[in-house]
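What follows is a short report on a single structure.
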Amino acid sequence: MSDATIEVGVTALWVMTLGCIPPLLLVPFFYKRIAARFEQIKAKNAAWKDILMDALFLGMIAAFVGLVVAKVEPAEGEPYFSIVSLLVFFSSALLVTIFGLISKQKGFKWLKDYALPLAMILSMALAVVYTGWGLR
């Protein structure tokens, strides 16, 4: 059974709508200004651009770490820690690292752009495998 109600569904739709549409509208209009600002920062000190991008990436990862380590509380039964979510998290990190190393060492520059999406898709497939093994 689910605790979801119509109000919860409508709230989720509004949050997604209000959270997803503004970037789609703002980026095309302000991209040149944002890119110019990054170039100014890079011209002053190239290390700052890397620091800003790394900070944005780590902030994004930190937002999802809580979901990985949080207890799963089913409607019926005892709460438990999900081994599958931890395995998928670490599998994805390992796959991105492997793809990054392959793209650097073997010269597959195209793989650098596809490392994250490929790791995500393969990790989702691994989640199915882990669940098939009886893990939860």
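- The distance from the CZ atom of Phe29 to the CD1 atom of Ile34 is 12.5 Å, given to the nearest 0.5 Å.
- Here the closest non-hydrogen pair linking Ser123 and Ser91 is OG-C, 3.9 Å.
- In the displayed structure, Gln40 atom CD is contacted under 6.0 Å by more than 12 heavy atoms of other residues, nucleotides or ligands.
- With side-chain heavy atoms closer than 4.5 Å counting as contact, directly or through intermediates, the hydrophobic cluster containing Tyr80 also holds Val72.
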With a 3.5 Å cut-off and sequence neighbours excluded, list the donor-acceptor pairs that the side chains of residues 7-28 form with protein atoms.
residue: Glu7; atom: OE1; partner: Thr5; partner atom: OG1; Å: 3.3
residue: Thr11; atom: OG1; partner: Glu7; partner atom: O; Å: 2.8
residue: Thr17; atom: OG1; partner: Leu13; partner atom: O; Å: 2.7

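- Criterion: ILVMFWY side-chain heavy atoms under 4.5 Å apart, direct or through other members. Under it, Trp133 and Leu122 are part of a common hydrophobic cluster.
- If you chain together hydrophobic residues whose side chains sit under 4.5 Å apart, Val65 and Met120 never meet in one group.
- When hydrophobic clusters are built by joining Ile, Leu, Val, Met, Phe, Trp and Tyr residues whose side-chain heavy atoms come closer than 4.5 Å, directly or via intermediates, Val129 is grouped together with Leu118.
- Here the side chains of Val88 and Tyr130 are in contact, with some heavy-atom distance below 4.5 Å.
- In terms of hydrophobic clustering, with Ile, Leu, Val, Met, Phe, Trp and Tyr side chains grouped at heavy-atom distances under 4.5 Å, Val128 and Val68 are assigned to different clusters.
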Pairs of donor and acceptor atoms involving the side chains of residues 92-114, under 3.5 Å and at least two apart or interchain, shall be tabulated with distances.
residue: Thr97; atom: OG1; partner: Ala93; partner atom: O; Å: 2.8
residue: Ser103; atom: OG; partner: Phe99; partner atom: O; Å: 3.4
residue: Ser103; atom: OG; partner: Gly100; partner atom: O; Å: 2.9

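- Here the CZ atom belonging to Arg136 is positioned 11.5 Å from the OG1 atom belonging to Thr131, to the nearest 0.5 angstrom.
- Hydrophobic clustering places Ile61 together with Leu86 (ILVMFWY residues linked when any side-chain heavy atoms are closer than 4.5 Å, directly or through intermediates).
- We find the NZ-CD distance between Lys71 and Glu78 to be 9.0 Å, quoted to the nearest 0.5 Å.
- For the pair Leu126/Leu87, no side-chain contact is recorded, criterion being any heavy-atom separation below 4.5 Å from C-beta on.
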